[in-house]
Amino acid sequence: MPCYPEFMSRTLLVCLTSFVAAVGCVEEDPPPPELTVPPSRPEFARAPQPCRSEKLDDDGALLERVSNRFDPDGRLLRSIAEDFVVHTLVDTVSFRDIAGRVRDQESYTRKTGADGYGHAHFLFDENGAPTGSREGGFDDRIDILLGTYQLDDQGRIAVIDRRTQDERLAADRLENFAYDVGDRLIHYDYDLEIDGSLEVITDVSYDGATEVWDQNDSGGHYQQTITRDGFGEVVRWEIDLELDGSVNYSLVADLDTEGRILGYQADEDGDGTVDRISTFEDDEERRVVTTTETGPGGTLLGTIVNDFACLAPPVDDRCPPGFFEGALGCARWRMAAAMDHGRVAHQVFLRADGTLIALGGVGGSVGISPPITEVETIDVAANEPVAGAALQTLRIQEAAALLPDGRVVIAGGFDGANDLVDVLVYDFPAGEAPGPTLTSARRRAQIVVFDDGEVLVAGGFDRDTHHLSAERFHVDDATTSPAGRWRAIHRDASLTRVDADRAVAVGGLTYGSVVAAETEVYDRRVGTWQDGPDLVVPRQAHGAAALADGRLMVVGGEDSDGQPLADVEVLDIDGQSASLLAPLPMPLAELHLAVLPGDVVLVAGGRAQAGERAGVSPATFVYDAANDIWERGPDLGVERYAGRLVTLADGSAAMVGGSVDEEQTTAAVEVLEVAP
């Protein structure tokens, strides 16, 4: 059977769900332009798909349920479809920008004995016109489809080029669209083999309120005739499969004396009998649709009840003004007092009194702008920055960490001419004091601090070599001690403490700038490094966070081609294993990662495209470990990457500094607030 286009009115779609499922797939064709609804028309006359749809059998048992959530403007935000016969749940979430355009979409499927996750990321040009999309699949959680859009001179989609990256899926196709002077779709075709042949050809003609869709595809040559009222609502839809003037499917609206639609009657098999009846019951705030399915002889097959009552969430469930309803409840990012300097490649730490200390970094591109020597604290509660004594030694690419006593240890770096071996101890607001001297000069080294104040510095490089060695010390020591050696280079790896005595180096770049999959585990009780479990997905520029049970979550990053990754995995250090988790809804590199109380993993900002400071994102995502899904949080007020995300004493988080584009850093400080 042919595939019927999914361009019908929203109300009609509810009534056609079972019919379309019975005859085949639904092609995702662009809709004709919406007609403006006069203000006098009741709002529910153009109601969206139902907020809740339940299908019952003739005994009243629940067979299917669909629950939708719309924003106040009627745009679909979330849909959860449950099939209680085969125990399947599909959860689809759309993420929109302030103009209402879908930027990202994620879908998660759970079924007895199986589960899957899909995602789509949509690209737009500077004028907001769609230019492409990147989609991910359910089976192996890999990217399977890339779409490139070409626009005509009016900014309308003229060509869509879809290409799979998985050869098992025959989903490649080239779609072409044409419009009349009234911006109505008049032709589309599909080249499913991308070889110049056209497997689907459709011409659309218009005569007043009537549209004729003439389609020729592998399912045959057939016509659809659609009649709309003055408000754009479908009042008659007929399908002629034999092109002989017969009607093989018909849907006819019941109208009241004022022309409002009271319901639909459908003859789904062309035998002249009604197979489906939909009746609408309206009051001032809601529309309920009850659809009865009948079989031969009028046998009751089932009843569908659609409730259109939640165009917007109920008033008592909505968030306060300015708050976003999502994974964290009602949350928002609040602007705190900005720093005196925009910073990138800087360090931010939480002090015992609840304030933040920010030091180091540069105000522009690393290696071009001079280092920032000023040190300042941020009181996020009082919205007040306070300056401390400046650093005396100019340096960038240093390693820094917070000591248990509230001081900051700063090791190595680069002063613009020389790689540094000195260690400084900064005590706010007094200033810096010297610590021990490193055995090797290091910039871009990795650093962790253990609970007793012991400092581990590993890797990094100088003008002559990339270091495999590590060294450890206390800041009051005169010298450092060797702390073993890596087995491979891990330039720009992450180094994360996972328990009281161990730290794990993950990924980075190895010889020949190859992205590494290796991990290495340092155990200070024996002073050596051991091989850890290999990553499922090699990566650099990723985020890593230790969970309460000692496992390590690794999020996003870049592959060997510099492409941001959506892949997420968890490392079991003791079990020597790595396993994939649900991927991020969008690929992100140089993202910001924090763990909130209860092992709630928060990801904010980052780069969504390849290239330095490209595709900077304001998005926030929260990991739901119970369901292995990522849910949306409130967007940042300032989109950025390479900032610092810090967990605060009250369990919230703060975002400090970062880059917003190729030449500009930000001094903005944002605090995550959750409404009670």
Exercise for review: For the residue pair Thr131 and Asp125, confirm or rule out a side-chain donor-acceptor distance under 3.5 Å.
Suggested key: no
Review point. If every non-hydrogen atom of Ile194 is compared with every non-hydrogen atom of Asp191, which pair is closest and at what distance?
Key: N-OD1, 2.9 Å
Check your understanding: Is any side-chain heavy atom of Ile157 less than 4.5 Å from a side-chain heavy atom of Leu151?
Key -> yes
Review point. Does the cation-pi check pass for Arg276 over Tyr264, that is, NZ or CZ under 6.0 Å from the six-membered ring centre and within 45° of its axis?
Key: no
Review point. Distance from Glu673 atom CD to Phe323 atom CZ, nearest 0.5 Å?
Key: 5.5 Å
Revision key, fill the gap. Nearest heavy-atom approach of Ala546 to Val595 is O-CG2, 4.1 Å
Exercise for review: Give a yes-or-no answer on whether the side chains of Gln223 and Trp213 include a donor-acceptor pair shorter than 3.5 Å.
Suggested key: no
Review point. What distance separates Tyr188 OH from Thr202 OG1, expressed to the nearest 0.5 Å?
Key: 3.5 Å
Review point. Got Arg156 and Phe177 here, is their nearest side-chain heavy-atom distance under 4.5 Å?
Key: no
Point to revise | Intermediate values then yes/no, side chain to side chain contact (heavy atoms under 4.5 Å, CB included), Phe122 and Arg101 | key: CA-CA 9 Å; Phe122 299 87; Arg101 297 181 296 253; over 6 Å; no
Check your understanding: Is NZ or CZ of Arg332 both nearer than 6.0 Å to the six-membered ring centre of Phe324 and within 45° of the ring axis?
Key -> no
Review point. Are Arg228 and Glu233 close enough for a salt bridge, meaning some N to O gap below 4.0 Å?
Key: no
**Study point:** Donor-acceptor contact present, side-chain Glu199 to main-chain Leu192, <3.5 Å
**Key:** yes
Review point. Salt bridge between Arg607 and Glu558, side-chain N to carboxylate O under 4.0 Å?
Key: yes
Check your understanding: Taking it one step at a time, do Glu54 and Glu64 satisfy side chain to side chain contact (heavy atoms under 4.5 Å, CB included)?
Key -> CA-CA 6 Å; Glu54 295 182 346; Glu64 300 172 3; over 6 Å; no
Review point. Gln215 and Tyr222: side-chain donor and acceptor closer than 3.5 Å?
Key: yes
Exercise for review: Give the intermediate values and the outcome of side chain to side chain contact (heavy atoms under 4.5 Å, CB included) for residues Met655 and Leu636.
Suggested key: CA-CA 9 Å; Met655 176 70 80; Leu636 292 165; 4.0 Å; yes
Review point. Val601 versus Leu547: any side-chain heavy-atom pair under 4.5 Å?
Key: yes
Exercise for review: Examine distances only and state if a side-chain atom of His542 and a backbone atom of Val554 form a donor-acceptor pair shorter than 3.5 Å.
Suggested key: no
Review point. Under 4.5 Å between any side-chain heavy atoms of Leu146 and Arg162, yes or no?
Key: no
Review point. Quick one: does Asp275's side chain have a donor or acceptor within less than 3.5 Å of a partner on Glu268's backbone?
Key: yes
Practice item. Could you walk me through whether Tyr149 and Ser133 pass side chain to side chain contact (heavy atoms under 4.5 Å, CB included), step by step? Key: CA-CA 8 Å; Tyr149 304 159; Ser133 64; 3.5 Å; yes
Study note, to complete from the structure: Between Val85 and Asp83 the two heavy atoms that sit nearest each other are N-OD1, 2.9 Å
Review point. Excluding sequence neighbours, so at least two apart, what forms side chain to side chain donor-acceptor pair (under 3.5 Å) with Glu639?
Key: none
Review point. What is the minimum heavy-atom distance between Pro634 and Leu328, and which atoms define it?
Key: CD-CD1, 4.5 Å
Check your understanding: Does any non-hydrogen side-chain atom of Thr148 lie less than 4.5 Å from one of Ile160?
Key -> no
Practice item. Please work out whether the ring planes of Tyr623 and Trp630 are parallel, tilted or perpendicular, with thresholds of 30° and 60°. Key: tilted
Point to revise | Listed partners of Ser79 passing side chain to side chain donor-acceptor pair (under 3.5 Å), at least two apart | key: Asn68
**Study point:** salt bridge (charged side-chain N to carboxylate O under 4.0 Å, His left out) partners for Arg551, two or more places apart
**Key:** Asp549
Exercise for review: Report the residues that fulfil side chain to side chain donor-acceptor pair (under 3.5 Å) with Asp624, sequence neighbours left out, ordered by chain and then residue number.
Suggested key: Asn627
Exercise for review: Enter the distance from Arg173:CZ to Thr164:OG1 here, rounded to the nearest 0.5 Å.
Suggested key: 12.0 Å
Review point. Side chains of Thr620 and Trp333: do they bring a donor and an acceptor to under 3.5 Å?
Key: yes
Review point. Is there a side-chain contact between Val603 and Val555 (heavy atoms, below 4.5 Å)?
Key: yes
Exercise for review: Using side-chain contact (heavy atoms from CB on, under 4.5 Å) as the criterion, list what pairs up with Arg236, not counting sequence neighbours.
Suggested key: Thr227, Glu238, Val252
Review point. What heavy-atom pair brings Val600 and Pro597 nearest, and what distance separates the two atoms?
Key: CG2-O, 3.5 Å
Review point. What pair of heavy atoms forms the shortest contact from Ala578 to Glu569, and how long is it?
Key: CB-OE1, 3.8 Å
Point to revise | Side chain to side chain, Leu565 and Leu584, heavy atoms closer than 4.5 Å | key: no
Practice item. List for me each residue that meets side-chain contact (heavy atoms from CB on, under 4.5 Å) alongside Glu82, sequence neighbours excluded, and say none if there are none. Key: Arg65, Ile80, Phe84, Leu89
Check your understanding: Looking at CG of Leu645 and CG of Leu591, how far apart are the two atoms once the value is rounded to the nearest 0.5 Å?
Key -> 9.5 Å
Review point. Salt-bridged, Asp91 to Arg78, with N to O below 4.0 Å?
Key: yes
Point to revise | Asp561 side chain to Gln563 backbone, donor-acceptor under 3.5 Å | key: no
Check your understanding: Is any side-chain heavy atom of Val93 closer than 4.5 Å to a side-chain heavy atom of Asp104?
Key -> no
Review point. Backbone N or O of Asp567 within a donor-acceptor pair of the Arg539 side chain at under 3.5 Å?
Key: yes
Check your understanding: Could you state the interatomic distance from CD (Glu175) to CG (Asp189), rounded to the nearest 0.5 Å?
Key -> 9.5 Å
Review point. If you measure from OG on Ser250 to CG on Asp267, what distance do you get to the nearest 0.5 Å?
Key: 4.5 Å
